[in-house]
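Presented below is the structure to which this report refers.
Since the model is a prediction, treat every value here as computed from it, not as a measurement. Numbers restart at 1 for each chain; the letters A, B, ... are given by sequence-line order, proteins then strands.
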Amino acid sequence: MIGYVLKRLGLALLVALAVSAIAFFLLRLSGDAATAIAGEGARQEDIELIRKTYGLDRPLVVQYVEWLWQTLRGDFGTSLYFKTPVSALVLDKLPTTIVLGLTSLGFALLVSIPLGVLAAVYANSWIDRLALAIAVVGQALPNFFFALILVMFFSITLRWLPVSGSDSWAHFVMPTIALGYYVAPAFMRLVRAGMIEVLSADYIRTARAKGLPARSVIFKHALRNALVPVVALTAVQLGFLLGGSVVVETIFALDGLGYLAYQSITYKDFPVMQVVVLLLSVLYVLLTLLADVANAWLDPRIRVA
Amino acid sequence: MTDTTLSLPEAPEPSPAMKLLRRFLGQKAFVIGTGILAVIVLLALAAPLIAPHDPYLQNLDLRTIPPVWYEKGTWAHPLGTDQLGRDYLSRVVYGARISLLIGVSVVVISGLIGTALGLAAGYFGGRVDLLVTFLVTTRLSMPVILVALAVVAMIGGSLWIVILVLGFLKWDRFAVVMRSATQQVRSLDYVAAAESAGASTTRIVLGEVLPNIAPHLIVVATLEAASAILLEAALSFLGLGVQPPLPSWGLMISEAKAYMFFSFWLIAIPGTALALLIFAINLAGDGLRDVISPEGRA
């Protein structure tokens, strides 16, 4: 087990390093930082001066190593647009995104596990069809379009929820539904397929033959095993959630990392952009690492591979 | 469902092609999915014939006319007009071309990259496999939409930039699926036979392995096309994808956003078109997977 964890940890570190290099070079190569700092309509001399002062005239590799070193020490630089330290900015927004990630993951699981179980237990019934319909629609609806439909319904027609902002829990309701529904179909399909497979297993037949009540068979014996692959999927879906949060937070002006990412991109705020890309990626690396370790713990067969 | 066999009552043994066709037609999901998809493709191809007006022609006197099923609708503009007075039906039909072009081109680029990586990893194993796994893990850890947004913001948005950026970002699933499919095929007898016959590696990979994993490739391609179309729509919606005045469905939703309170159909029509296209592709892809996977074979 320890060997497996160490191997996985090594890979995670390598990936994080590669991501940092990509985040740095991709953004530097696709645009000129000095021009971005100088702003529109700046004179050529000013751009040259900025290039000198910020050290942007040195070789890219040197700049990268320096940036990485500073980032590792927690010095993320200063935002060009907000004029505040990037670290403060990021720390300020991170909780919002974590809360949104957890609530939408919770929403997705809350919808998909019961529906998946029901769909499996009553396979081919109307409830199975309904679950399938919900999943199919969820996969086909663009999340930004769904978000706008939610706004029309909850904010305009019913006047229950605020359109945008992030001041109260009410501001989180629609983003949670929009983001949660985006990742729910995959969970639902997995739970349903897993339950159908498990329910036909010998030990379930034994449990039933012993005369155990159906509820105990389904929840205690079957669901527990059907949920093992869900742990692995959760990691992958968290990646989708992080990506989706950029779109959803922007639509609802929810002040998290996703919205900050969008703002920094539109303002060409290099220091913020690099750190946000790096942070969201490292977050994903960490989460998959955790999920893999949890999986290996749940299913000893994985450790050998 | 057995109607198809009536025309050849006493056929001793249907040809393999017939069997395959029947297996496809037995899949309701596949038939419906490809049916809708075929209609959308036809609409896109015949756009100049169907569109009643020039999709770019603005007429500020005819702004936000509702579709015909509203009281104030008119047959001159069956789906109404947008906030600049452009005919909405024409824009939606031309928009289908953009979505389909994105889906196909992105899948061609990412499919080539991903298949090459997956084949190499699965066939050679060892260090090559480790390297590819590392590349895939790295790629997966960076949210596509975030990287695409950043790159498009830096070099400027256009249809071809979006296609290239998405093409170079979305090869991960191709690589993963092709890798495991190749690993399975690699240990089979016919590969060993080709090896002992002295066939070159290129020939074995392209001639023996690739044709046998092609069905998986097609399934991944359909699902990835759907996801590419959704990503383009999201990028264009955020203003960092296809640029105006092109009638990208995502961009149409974005441009009409400010008017949705009074003219909800302005976002509902392109949104529904987008959802219908994705629904059709997903359905066709799922049906395809059921037909191809061994469990789906009757």
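The candidate with the highest count of non-hydrogen atom pairs below 4.5 Å against chain B, out of Leu14(A), Leu242(A), Thr157(A), Val136(A), is Leu14(A). Chain A forms the most heavy-atom pairs under 4.5 Å with one residue out of Pro143(B), Ala275(B), Ala280(B), and that residue is Ala275(B). When Tyr262(A), Phe240(A), Phe146(A) are compared by the number of non-hydrogen pairs under 4.5 Å with chain B, Tyr262(A) comes out ahead. Note on Ala23(A), Ala140(A), Pro142(A), Gly258(A): by heavy-atom pairs under 4.5 Å with chain B, the leading option is Ala140(A). Ranked by heavy-atom pairs shorter than 4.5 Å toward chain A, the options Leu135(B), Leu230(B), Ile281(B) are led by Leu230(B). Of the listed residues Thr133(B), Thr138(B), Ile229(B), the one with more heavy-atom pairs under 4.5 angstrom with chain A than any other is Thr138(B). Most heavy-atom pairs under 4.5 Å with chain B: of the set Ala16(A), Ala12(A), Gly243(A), this distinction falls to Gly243(A). Ranking Val246(A), Val285(A), Val19(A) against chain B, the residue ahead of the rest is Val19(A), based on heavy-atom pairs under 4.5 Å. Counting heavy-atom pairs closer than 4.5 Å to chain A, the top residue among Leu238(B), Thr272(B), Leu277(B) is Leu238(B). Listed options Ala234(B), Pro270(B), Ser254(B) were ranked by heavy-atom pairs under 4.5 angstrom with chain A; first place goes to Ala234(B). The choice from Ile145(B), Leu146(B), Thr137(B) that makes the most heavy-atom pairs within less than 4.5 Å of chain A is Leu146(B). If you tally non-hydrogen atom pairs under 4.5 Å between each of Thr288(A), Leu148(A), Asn143(A), Val282(A) and chain B, the highest count goes to Leu148(A).
Note: Tyr267(A) and Tyr81(A) have parallel aromatic rings, judged against thresholds of 30 and 60 degrees for the angle between ring planes.
When side chains are defined from C-beta on, Gln263(A) does not count as touching Asp269(A), because their heavy atoms never get closer than 4.5 Å. In this structure the side chain of Val151(A) reaches within 4.5 angstrom of the side chain of Phe252(A), judged on heavy atoms.
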Test side-chain hydrogen bond (donor to acceptor under 3.5 Å, both in side chains) applied to Glu224(B) and Ser110(B), step by step: CA-CA 9 Å; Glu224(B) 284 299 292; Ser110(B) 57; 5.5 Å; no

With side chain to side chain contact (heavy atoms under 4.5 Å, CB included) as the criterion, how do Lys170(B) and Ile113(B) come out once you've worked through the C-alpha distance, each side chain's angles and the decisive distance to 0.1 Å? CA-CA 9 Å; Lys170(B) 289 191 58 59; Ile113(B) 302 174; over 6 Å; no

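Pairs engaging residues 155-178 of chain B under the ring pair (Phe, Tyr, Trp, His ring centres under 6.0 Å) rule: none recorded [sequence neighbours left out].
The contact between Leu240(B) and chain A is made entirely by side chain atoms (from C-beta outward), counting heavy-atom distances below 4.5 Å. Looking at Leu278(A), there are no atoms closer than 4.5 Å to chain B (heavy atoms on both sides), in backbone or side chain.
Note that the CG atom of Leu89(B) and the CG atom of Leu43(B) stand 8.5 Å from one another [nearest 0.5 Å].
Both cation-pi conditions hold for Lys257(B) and Phe237(B): the charged atom is under 6.0 angstrom from the six-membered ring centre and inside a 45 degree cone around its axis.
A donor-acceptor pair shorter than 3.5 Å can be found between the side chains of Thr97(A) and Glu249(A).
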